[in-house]
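Have a look at the structure below before the remarks.
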Amino acid sequence: MKHSVIYSIPLIILVISSCNDDFMNRLPQTEIGVESFFNTEEDLKMYCYNLYDFPSSWEYVSDAGTDNQATTSAKEIKNIMISTNPNSTTISAGWNWTRLRDINLFLENCEKASVPADVLAHYQGVARFFRARFYMEKVQRFSDVPWYDKALTTSDEDLYKARDMRSFVIDKIFDDYAFAAEHVKTNQEKGTVDKWIVLAYMARHALYEGTFRKYHNELNLQNSVDGFLKIAVDASSQIINEGNFRIYNTGNPESDYSELFKSTDLSVNPEIIQATYYDYKVLKGGFWAYMFGNYEACPTKDLLQAYLMKDGSFYSLQPEYQTRQFTDEFNNRDPRLIQTYASPGWELINNSTYAPGAGIYVQTFNKNFSGYHQIKGFINNKDEEHYESVDFPVIRYAEILLIYAEALAEQGSLTQSDLNNTINLLRARAGLPDMTLYPETDPVMQSAFPGLTSQLLEIRRERRVELALEGYRFDDLMRWKAGKLLEKEPEGIYFPSLGKFDLTGDGIEDIYLIPSSESIPPEADKEENSLGKKLVYYKTGTIDDTNATVYLTEGNKGNIITIKNIGEFKEPQFYYRPVPKKEVDLNPNLAPQLFGWE
């Protein structure tokens, strides 16, 4: 049976979370019920539920703004790159400390509870796990931040302390993780924090920090890289050896991968370390069909071209791969591609936001979209009770295997046995040949990440493909110091000319590309295909052509183009964010800004 956790807390202490964005300069004057609340294990449990903030299905569009996913939304990195003068006045998000005070308040009061020592240590570990996650997000954004391990009051002098160095804060973060990993229990109710969830985040963040320090020489922290890579290896290996998880694989490579993203009960899936569980009658998932109709995010050609051929060879070695038409791009590819992208012949059932209706899907083109549509995370079922009950996989065992392999490769100690127990388990599910210890080098990957071994290149490819559109790509590019890849304008489907084209793979034309100078005929005058269906007309031109409804790189041919100017990624500045000016005005000790920010 699936268990749901309702994130709530008794009314008597709701007021303790009344801080606002202005750092911690305005704190509650009273804390109703603190003295009388922390008495039992149930009190501790209910308070900790109030700290839960795990991702939901919105993560399926959180690659937006990277080379994986184009978007029309106002993503921060896109706005920064196209801005003439991004600064601490215009970039004001992220400096919110309410959750930290809630966590520290718990840690200051939880010892009042009359519970066994191991139970107390478990909940202390849960709270310190959340503090580690909170601070890791702050470090990823600002690098140096003030460290607080107490709940501040309005008269506390530490409200106005300076930022602590990244290395100091990171050490504190991993002290919290180490405590949590030792004391948080296993065999907890599904949906609640357990030892494996702690170790998974510990491994994820250790890999992040180790690789960030390795590739970001502006920090001058390269001498500490190995320590964090070792933490990543040790934490992930503990999950591998003791966690009793395994890759979900029923021997159906055409569907096993997609089952992870459309299940109404992930609690029975052996790959799931953590999920956000939904139940139509208790907690709805909030699904809406944002990949179709009025969609605002779409996968890119760059991501599509990263998938291997079914025989394990590089797609970039295929003849004229850059100018292949849509109906040819999916042939003999890694099966995860057709479980991520809507491919020719795919049938749409849940047409709630798709005006042409259900049936064999014909790609819809709109200005600033790639023409590719994603089905990963899209629930192709019209029954509301079903799609509102689909669970979201927060942490998959697949990620742990990828962390382990990458950390070992970065250390230079990866073996074929390690590959067989990690990367090749993922490839086996997809029905692909094994990766070898010394693979061939893909020139496209080498161009994207110059100077890396072919081993690391293929591990990065596998990570990109396996975790595509799950919200990992931006952090990966940042830690690898690969922000310059964001300067490549996201492109979409290729058309060799104007005219009629088949998009469903049945050899019958579905759309008609005409010059922007011509008018789309009235519905009654539109040409029909051999199935008796009206062709869908689009006016094509360059991105400066106001008459065009589809932009092509060369106007009358080429790839669909999604944006006119994607801007510049300035290194190392744009790997970080400034402290908002209003916070520096309140606390001048937060100055100076780092890495060229003003």
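When side chains are defined from C-beta on, L456 does not count as touching F449, because their heavy atoms never get closer than 4.5 Å. No side-chain heavy atom of E59 sits under 4.5 Å from any side-chain heavy atom of E470. With a 4.5 Å cut-off on side-chain heavy atoms, Y315 and D334 do not count as touching. The closest side-chain heavy-atom distance from D176 to F129 is not below 4.5 Å. When side chains are defined from C-beta on, W97 counts as touching P146, because their heavy atoms get closer than 4.5 Å. Residues S454 and P439 are in side-chain contact: their nearest non-hydrogen atoms beyond the backbone lie under 4.5 Å apart. Side-chain atoms of F245 and R396, non-hydrogen and from C-beta on, never get closer than 4.5 Å to each other. I77 is listed as a side-chain neighbour of R577, based on a closest heavy-atom distance under 4.5 Å.
In this structure, E487 does not pair ionically with K570, as no charged nitrogen and carboxylate oxygen lie closer than 4.0 Å. Taking the charged nitrogens against the carboxylate oxygens, D118 and K185 do have a contact shorter than 4.0 Å, which makes a salt bridge. In summary, R133 and D53 engage in a salt bridge, as defined by a charged side-chain N under 4.0 Å from a carboxylate O. No salt bridge links D149 with R131; every basic N to acidic carboxylate O contact stays at or beyond 4.0 Å.
K150 contributes atom NZ, which lies 4.0 Å from atom CG of D158 (distance to the nearest 0.5 angstrom). With rounding to the nearest 0.5 angstrom, the OH atom of Y47 is 8.0 Å from the CG atom of N109. Summarising the geometry, atom CG belonging to L100 is positioned 11.0 Å from atom CG belonging to L105; distances are rounded to the nearest 0.5 Å. Here the CG atom belonging to L260 is positioned 8.0 Å from the CD1 atom belonging to I247, to the nearest 0.5 angstrom. Taking CG of L594 as the start and CZ of R166 as the end, the distance is 10.5 Å to the nearest 0.5 Å. To the nearest 0.5 Å, the span separating CD on E489 from OG1 on T553 amounts to 10.0 Å.
Shown here are the ring-ring contact (aromatic ring centres under 6.0 Å, His included) partners of H183, two or more places apart in sequence or in another chain: F179.
With no hydrogens or angles considered, a side-chain donor-acceptor pair links D418 and T415 at under 3.5 Å. Between T71 and S73, the side chains place a donor N or O and an acceptor N or O closer than 3.5 Å (distance only, hydrogens not considered). In the model, N420 has a side-chain atom that pairs as donor or acceptor with a side-chain atom of Q416 under 3.5 Å. Residues Y472 and E466 bring no donor and acceptor atom of their side chains to less than 3.5 Å of each other. Residues K161 and Y148 have side chains that never bring a donor and an acceptor to within less than 3.5 angstrom of each other. Between Q305 and Q322, the side chains place no donor N or O within less than 3.5 Å of an acceptor N or O (distance only, hydrogens not considered). A side-chain donor-acceptor contact under 3.5 Å links Y576 and E218.
Considering every non-hydrogen atom in both I543 and K564, the closest pair reads CD1-N, 3.1 Å.
Within 6.0 Å of atom CE in M309, more than 12 heavy atoms from other residues, nucleotides or ligands are found, so the atom counts as buried in its surroundings. Remark: K230 NZ is loosely packed, at most 12 non-hydrogen atoms of other residues, nucleotides or ligands lying under 6.0 Å away.
Just one of T300, T562, N559 meets the side chain to side chain donor-acceptor pair (under 3.5 Å) condition when paired with E491; it is N559. Of the residues K301, R464, K488, the one that meets the salt bridge (Lys or Arg N to Asp or Glu O under 4.0 Å) test with D67 is R464. Here the rule is ring-ring contact (aromatic ring centres under 6.0 Å, His included) with F130, and of Y135, F54, Y123, Y177 only F54 fits it.
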- Is there a side chain to side chain donor-acceptor pair (under 3.5 Å) between K376 and Y257 once you walk through the steps? CA-CA 10 Å; K376 186 175 184 177; Y257 179 71; 2.6 Å; yes
- [ ] Run the numbers on K581 and E598 for salt bridge (Lys or Arg N to Asp or Glu O under 4.0 Å), then give the verdict.
- [x] CA-CA 9 Å; K581 185 178 183 300; E598 297 178 354; over 6 Å; no
*asked:* As a quick check of understanding, evaluate salt bridge (Lys or Arg N to Asp or Glu O under 4.0 Å) for D476 and R463, giving each step before the final call.
replied: CA-CA 9 Å; D476 285 346; R463 182 177 176 88; 2.7 Å; yes
task: Begin from the C-alpha positions of R336 and E462 and carry the test salt bridge (Lys or Arg N to Asp or Glu O under 4.0 Å) through to its verdict.
output: CA-CA 11 Å; R336 286 172 291 187; E462 190 67 29; 2.7 Å; yes
Going through the distances and angles, do E209 and R213 end up as a salt bridge (Lys or Arg N to Asp or Glu O under 4.0 Å)? CA-CA 6 Å; E209 188 63 16; R213 293 187 183 198; 2.7 Å; yes
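Within the 3.5 Å criterion, the main-chain N or O of Y248 finds a donor-acceptor partner in the side chain of E271. Side-chain N or O atoms of Q446 include none that pairs as donor or acceptor with a backbone N or O of T441 at under 3.5 Å. Put simply, the side chain of Y397 never gets that close to the backbone of I272: no donor and acceptor are under 3.5 Å apart.
In this structure, R479 fails the cation-pi test against Y215, since its NZ or CZ atom is not both closer than 6.0 Å to the six-membered ring centre and inside 45 degrees of the ring normal.
The ring of F212 has its center no closer than 6.0 angstrom to the ring center of F228. Taking the six-membered ring wherever Trp is involved, the centroid distance between the rings of W95 and F142 falls below 6.0 Å. In summary, the aromatic rings of F574 and F595 are positioned with their centroids too far apart to meet the 6.0 Å limit.
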